[in-house]
Number of protein chains: 2
Amino acid sequence: MEKQSVTIYTVAREARVSMATVSRVVNGNPNVKPETRKKVLDVIKQLNYRPNAVARGLASKKTTTVGVVIPDVTNAYFAELALGIDDIASMYKYNMILTNSDADDRKALQVVRGLMAKQVDGIIFMGHDIPEELRQEFSSSNVPVVVAGSVTNDDELPTVRIDYQEATKQAIKYLIERVDGPVALVVGSKDSTINKRYRIEGYKQALQEAGKDFDEKLIFETHDSYAEGYKQSQAIADSGAKAAFVSDDGVAAGLLNGLTDHGVKVPDEFQIVASNNTKTTEITRPKLTTITQPLYDLGAVSMRLLTKLMNSKDEDKEDDESKDVILEHGFEKRQSTR
Amino acid sequence: MEKQSVTIYTVAREARVSMATVSRVVNGNPNVKPETRKKVLDVIKQLNYRPNAVARGLASKKTTTVGVVIPDVTNAYFAELALGIDDIASMYKYNMILTNSDADDRKALQVVRGLMAKQVDGIIFMGHDIPEELRQEFSSSNVPVVVAGSVTNDDELPTVRIDYQEATKQAIKYLIERVDGPVALVVGSKDSTINKRYRIEGYKQALQEAGKDFDEKLIFETHDSYAEGYKQSQAIADSGAKAAFVSDDGVAAGLLNGLTDHGVKVPDEFQIVASNNTKTTEITRPKLTTITQPLYDLGAVSMRLLTKLMNSKDEDKEDDESKDVILEHGFEKRQSTR
DNA sequence: GTGAAAGCGCTAACAT
DNA sequence: ATGTTAGCGCTTTCAC
């Protein structure tokens with residue numbers, strides 16, 4: 001039972017060098033005679049010495065840990081991003097503290113405070129809006145933050161995302177061309193920035209270019225879940241809409257199945273375009289036509305950007321070319337449209 | 001721009017007390033005169049002092065952080081468990097470092113070493129087997145480990161799970177009663193403990209009780225993904241099997257859709273029982289009949305158990321009642337069986 | 001009820 | 001190339 005008791009000092013003594021030297025070889029500092037290095041390395045192996053990251057963090061003020069705030073890990077969209085984040089993080093020797101905010105402002109604030117207390121070197125924030133208190137927390141902290149897979153009300157924060165306005169516009173135009181009747185927009189909250197400033201704008205633009213009137217009643221608000229989409233399917237059908245673009249794949253699947261169960265044929269009587277191309281869109285029958293996004297890359301690029309920010313001195317941060325990174329999106333026609 | 005520079009010492013000076021006293025009030029130690037406490041609290045608020053968790057971790061040898069090893073966050077089964085874990089963790093003021101092992105032994109070993117270096121107070125391991133080197137890592141470390149949502153080759157480790165053997169047996173019996181022909185078992189690796197010792201045993205028992213012969217060719221190995229299930233659907237149909245119990249919901253959905261696309265009618269010509277009751281099983285058409293598991297609770301209970309282990313002195317650990325926690329499972333008939 | 005002081009295990013000047 | 005010496009910000013005896 002080898003108690004955790006072999007420290008840098010134990011190694012130093014055993015190898016007959018100073019702890020500074022041990023620290024050097026552990027950290028790959030070139031200023032060590034190969035001979036000494038070998039001796040130290042041998043002792044390290046023999047004693048099975050493992051550097052204590054907490055002590056290292058205290059001394060160096062770097063924890064090689066990043067915080068990731070996610071509304072809900074069980075949402076396939078966010079989970080895919082999280083995978084991309086973790087892959088890149090581990091490539092750069094970072095770990096990620098994953099915290100669910102439950103898409104709740106108070107919880108988000110609380111988890112971020114916790115992350116700051118743990119001295120994370122950076123934060124990746126997923127979620128559609130940032131309450132005022134949290135903005136202050138961010139801006140008064142020196143800890144770099146990047147928003148992944150969304151846009152928020154805070155323009156200061158760098159984001160990695162697709163062009164939501166354009167994507168929405170395309171989807172709506174596509175539907176308008178194929179449908180003889182109103183096209184609905186099914187989103188989260190109308191008031192969140194991503195919807196208010198981007199998706200709803202794209203929606204309006206598409207309508208306008210097609211010479212159609214905007215009707216507020218054709219915008220439906222949901223929580224992002226299959227059950228919610230299923231539940232609202234009746235109301236959406238009743239609105240007279242003959243098609244819908246849906247911002248969450250779970251909701252889109254719920255809408256599809258709800259419609260089908262109520263006897264509305266998709267795509268013959270109602271057409272649907274989903275938004276994220278998660279696996280869900282392939283599993284439903286009919287398969288969902290969808291905007292495609294590089295989900296994994298959205299996460300991976302966010303993490304790459306964050307490492308950059310973490311390694312640039314504060315003064316340079318503003319200069320960093322990449323305030324916002326817009327990744328390409330696409331469109332895949334499947335069976336829920338004609 | 002308030003630099004992170006207000007420490008316990010700043011507070012002490014400002015409040016005209018010693019840092020020991022500040023530490024006491026921060027940690028809720030009752031040995032502080034209410035008057036002093038108030039004074040300190042006031043200064044803390046005024047200075048917006050936040051304890052540094054890293055320093056605290058070094059001094060106290062407790063990080064209030066647990067490591068969670070997960071094969072793949074994008075698998076709905078594991079993601080649901082992770083949510084349960086995080087909820088309970090945050091309830092107990094713990095954070096979770098989430099690391100993907102990609103179901104790969106070398107990666108798992110590597111991430112666990114990283115977690116140990118970060119001095120996590122405990123580890124929740126998801127995954128079906130533990131390579132020898134990792135077992136040693138675990139057993140030589142004093143860090144409590146619990147296995148969530150599976151069983152492994154390491155009998156020493158406490159697990160939180162359902163009774164896989166019984167669940168499999170039930171599902172197979174159910175299918176045998178309804179099907180005129182062979183019943184297949186679709187699992188991950190035949191060699192993993194969960195399959196070898198539990199599911200395949202349950203499969204054999206069900207066959208035996210029904211007076212049927214065991215045929216190795218009716219066991220199919222897959223990776224846990226929709227695409228894999230889809231790909232193997234042809235081979236499974238060709239085997240002559242008329243039904244299958246599938247251990248991963250994604251695979252079950254792939255099998256279902258693959259069969260359907262190849263013109264095999266489910267449930268009329270082939271029946272399927274899935275295993276985890278993730279949302280996927282509700283999204284497919286026909287909906288998947290499935291074993292039901294309390295996914296969230298599996299995670300939540302694992303974390304609860306871990307907190308117990310983390311707080312019991314080493315000597316008592318063995319005594320802890322709950323070596324293995326077996327949660328109840330159920331069965332839900334839907335449309336993929338008759 | 002409160003304070004003084006010794007670490008926790010490491011990094012990072014600064015010497016040599 | 002290597003060693004010495006301060007801390008990093010906190011917890012925790014041990015005195016008083």
Side-chain angles (χ1 to χ4, degrees), chain A residues 2-41 43-44 47-65 93 114 116-121 142, chain B residues 2-41 43-44 47-65 93 114 116-121 142:
Chain A
E2 143 207 351
K3 273 270 173 198
Q4 174 69 9
S5 50
V6 20
T7 75
I8 201 173
Y9 182 72
T10 326
V11 175
R13 183 158 28 96
E14 204 72 14
R16 304 179 177 295
V17 298
S18 73
M19 37 185 302
T21 300
V22 178
S23 177
R24 286 189 187 98
V25 350
V26 167
N27 293 298
N29 183 319
N31 283 7
V32 183
K33 210 194 313 177
E35 201 177 314
T36 330
R37 176 185 306 282
K38 180 174 182 335
K39 187 170 57 180
V40 172
L41 250 18
V43 174
I44 284 180
L47 264 43
N48 191 27
Y49 165 72
R50 312 278 187 83
N52 179 323
V54 174
R56 198 190 285 223
L58 182 58
S60 69
K61 299 179 167 308
K62 293 205 160 309
T63 55
T64 60
T65 301
K93 310 285 184 206
M116 300 278 192
K118 292 254 162 103
Q119 313 297 121
V120 295
D121 297 335
N142 301 327
Chain B
E2 141 207 351
K3 274 269 173 197
Q4 175 68 9
S5 51
V6 21
T7 74
I8 201 173
Y9 182 72
T10 326
V11 175
R13 184 158 28 94
E14 204 72 13
R16 303 180 177 295
V17 296
S18 73
M19 33 185 305
T21 299
V22 178
S23 176
R24 287 189 188 98
V25 350
V26 166
N27 293 297
N29 184 319
N31 282 5
V32 182
K33 211 195 309 175
E35 201 177 314
T36 326
R37 176 184 307 280
K38 179 173 182 339
K39 187 171 56 181
V40 172
L41 251 18
V43 175
I44 285 179
L47 264 43
N48 192 26
Y49 164 72
R50 313 278 187 85
N52 178 322
V54 174
R56 199 191 288 226
L58 182 58
S60 69
K61 299 180 167 308
K62 294 204 160 308
T63 55
T64 60
T65 301
K93 309 286 184 206
M116 301 277 192
K118 293 252 163 104
Q119 313 298 119
V120 295
D121 296 335
N142 301 327

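Letters A, B, ... mirror the listed sequences (proteins, then strands); counts begin at 1. As the structure is a computational prediction, the values presented were derived from the model and not from experiment.
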Practice task
Measure the distance from NZ on Lys39(A) to C1' on dT2(D) and round it to the nearest whole Å.
Solution key: 11 Å

Exercise for the section: Starting at atom CD of Gln119(A), determine the distance to atom P of dT11(C), rounded to an integer number of angstrom. Expected result: 17 Å

Exercise for the section: Calculate, to the nearest 0.5 Å, the distance between atoms CE and OG1 belonging to Met19(A) and Thr10(A) respectively. Expected result: 10.0 Å

Problem - Protein-nucleotide distance (Ile44(B), atom CD1; dC10(D), atom P), rounded to Å - result: 10 Å

Practice task
Taking only the side-chain heavy atoms of Ser60(A) (C-beta and beyond), determine which of dC8(C), dC10(D), dA12(C) contains the nearest atom.
Solution key: dA12(C)

Handout entry: Distance (rounded to the nearest 0.5 Å) between Arg37(B) CZ and Glu35(B) CD
Key = 12.5 Å

Exercise for the section: For the helix from dG1(C)-dC16(D) to dT16(C)-dA1(D), measure the angle between the helix axis at one end and the axis at the other, each built from five pairs, rounding to 10°. Expected result: 30°

Exercise for the section: Name all residues meeting the side chain to side chain contact (heavy atoms under 4.5 Å, CB included) criterion together with Ser18(A); count only those two or more places apart in sequence or in a different chain, and write none if there are none. Expected result: Ala20(A), Thr21(A)

Completion exercise
When rounded to whole Å, the CG to C1' distance for the pair Leu58(B) and dG7(D) reads 12 Å

Handout entry: Candidate nucleotides dG1(C), dA4(C), dT4(D), ranked by approach to the side chain of Ser18(A) - the nearest
Key = dT4(D)

Practice task
Could you state the atom-to-atom distance from CG of Asn52(B) to C1' of dG9(D) in whole Å?
Solution key: 6 Å

Exercise for the section: Whole angstrom is fine here: how far is it from CZ in Arg13(A) over to P in dT4(D)? Expected result: 14 Å

Problem - Within residues 19-31 of chain A: residues closer than 4.0 Å to DNA chain D (heavy atoms) - result: Ala20(A), Thr21(A), Arg24(A), Asn31(A)

Problem - Residue pair Thr63(A) / Lys118(A), side-chain heavy-atom distance below 4.5 Å - result: no

Exercise for the section: Take Val25(A) and Thr36(A), measure what side-chain contact (heavy atoms from CB on, under 4.5 Å) needs, and give me the verdict at the end. Expected result: CA-CA 9 Å; Val25(A) 350; Thr36(A) 330; over 6 Å; no

Handout entry: Closest-nucleotide 5' rank along DNA chain D - winner of Arg37(A) and Ala55(B)
Key = Arg37(A)

Practice task
Please check the phosphate of dT11(C) (OP1 and OP2 only) for any side-chain N or O of Tyr9(A) closer than 4.0 Å.
Solution key: no

Fill in the blank from the handout: From NZ of Lys61(A) across to C1' of dC10(D) the rounded distance in Å is 12 Å

Problem - Spacing between Ile8(B) atom CD1 and dC8(C) atom C1', to the nearest angstrom - result: 15 Å

Exercise for the section: Considering just the side-chain nitrogens and oxygens of Thr7(A), establish if one lies under 4.0 Å of OP1 or OP2 belonging to dC8(C). Expected result: no

Practice task
For Ala59(B) and for Arg16(B), find the nucleotide of DNA chain C with the closest heavy atom, then tell me which residue's nucleotide is more 5'.
Solution key: Arg16(B)

Exercise for the section: State whether Arg56(A) places a side-chain N or O below 4.0 Å from either non-bridging phosphate oxygen (OP1 or OP2) of dT11(C). Expected result: yes

Practice task
Name the nucleic acid region contacted by Val17(A), choosing base, sugar-phosphate or nothing; use a 4.0 angstrom heavy-atom cut-off, strictly under.
Solution key: sugar-phosphate

Practice task
Answer whether the closest heavy-atom distance between the side chains of Arg24(B) and Val17(B) falls below 4.5 Å.
Solution key: no

Completion exercise
Between the CG atom in Leu47(B) and the OG1 atom in Thr7(B), the distance rounded to the nearest 0.5 Å is 9.5 Å

Fill in the blank from the handout: Closest non-hydrogen contact found for Val43(A) with Ala15(A) is CG2-CB, 3.7 Å

Practice task
Mark yes when over 12 heavy atoms from residues, nucleotides or ligands other than Arg13(B) sit less than 6.0 Å from its CZ; otherwise mark no.
Solution key: yes

Practice task
For residues Ile8(A) and Tyr49(A), determine if any side-chain heavy atom of one lies less than 4.5 Å from a side-chain heavy atom of the other.
Solution key: yes

Fill in the blank from the handout: From the candidates dG3(C), dT2(C), dC10(C), the one with an atom nearest any side-chain atom of Lys33(B) is dT2(C)

